[in-house]
Amino acid sequence: MRPLLAGLDLADTMVTFNAPHSQAAHACFLVEDKKAHYIAVFKDNQALLCSHLKHLSWRDVLLDKTRATVHGRAKVRHAKTCTVARGLASLPPPH
């Protein structure tokens, strides 16, 4: 990610990335070096982050549910999102 974004002015820009790029180093690079904001996708295989996220008041966050047929199979995805204002500021670094 760093070589791709290094030459860009990302100040006050929103950057999105999927789960494989949801890494501490990428978050630090975007916030500290590039002065950008980001939206990241996290999965259950990031144990430390998931343990911190479990302590948030998820009951107060709306559930988004999507249904689709992919490769002949029905898929249902559940997603909840929140911002720093909703409590993520209590998480340890990075950002």
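Keep in mind that this is a model prediction, so the values were computed, not measured.
- Taking the six-membered ring where the residue is Trp, Phe17 and His26 present perpendicular rings, their angle passing 60° and hence far from 30°.
- Expressed to the nearest 0.5 Å, how far CG of Asp64 lies from CZ of Arg77 amounts to 11.5 Å.
- Between Lys65 and Val76, some side-chain heavy-atom pair lies under the 4.5 Å cut-off.
- No side-chain donor-acceptor contact under 3.5 Å links Lys34 to the backbone of Cys28.
- Under the 3.5 Å distance criterion, the side-chain polar atoms of His37 are left unmatched by any main-chain donor or acceptor of Thr13.
- Side chain of Thr16 to main chain of Ile39: no donor-acceptor pair is present (N/O by atom type, distance under 3.5 Å, no hydrogens or angles).
- Annotation: the span from Asp33 atom CG to Leu10 atom CG amounts to 10.5 Å, rounded to 0.5 Å.
- From Leu30, atom CG reaches atom NE2 of His21 across 11.5 Å, with rounding to the nearest 0.5 Å.
- Connection of Val15 to Leu4 is established within a shared hydrophobic cluster, with ILVMFWY side chains joined at heavy-atom distances below 4.5 Å, either directly or through further cluster members.
- Hydrophobic clustering (side-chain heavy atoms under 4.5 Å, transitive across Ile, Leu, Val, Met, Phe, Trp, Tyr) keeps Tyr38 apart from Val41.
- Summarising the local packing, CG of Asn45 is surrounded by more than 12 heavy atoms from other residues, nucleotides or ligands at distances under 6.0 Å.
- Atom OG1 of Thr69 sits about 11.5 Å away from atom NE2 of His71, to the nearest 0.5 Å.
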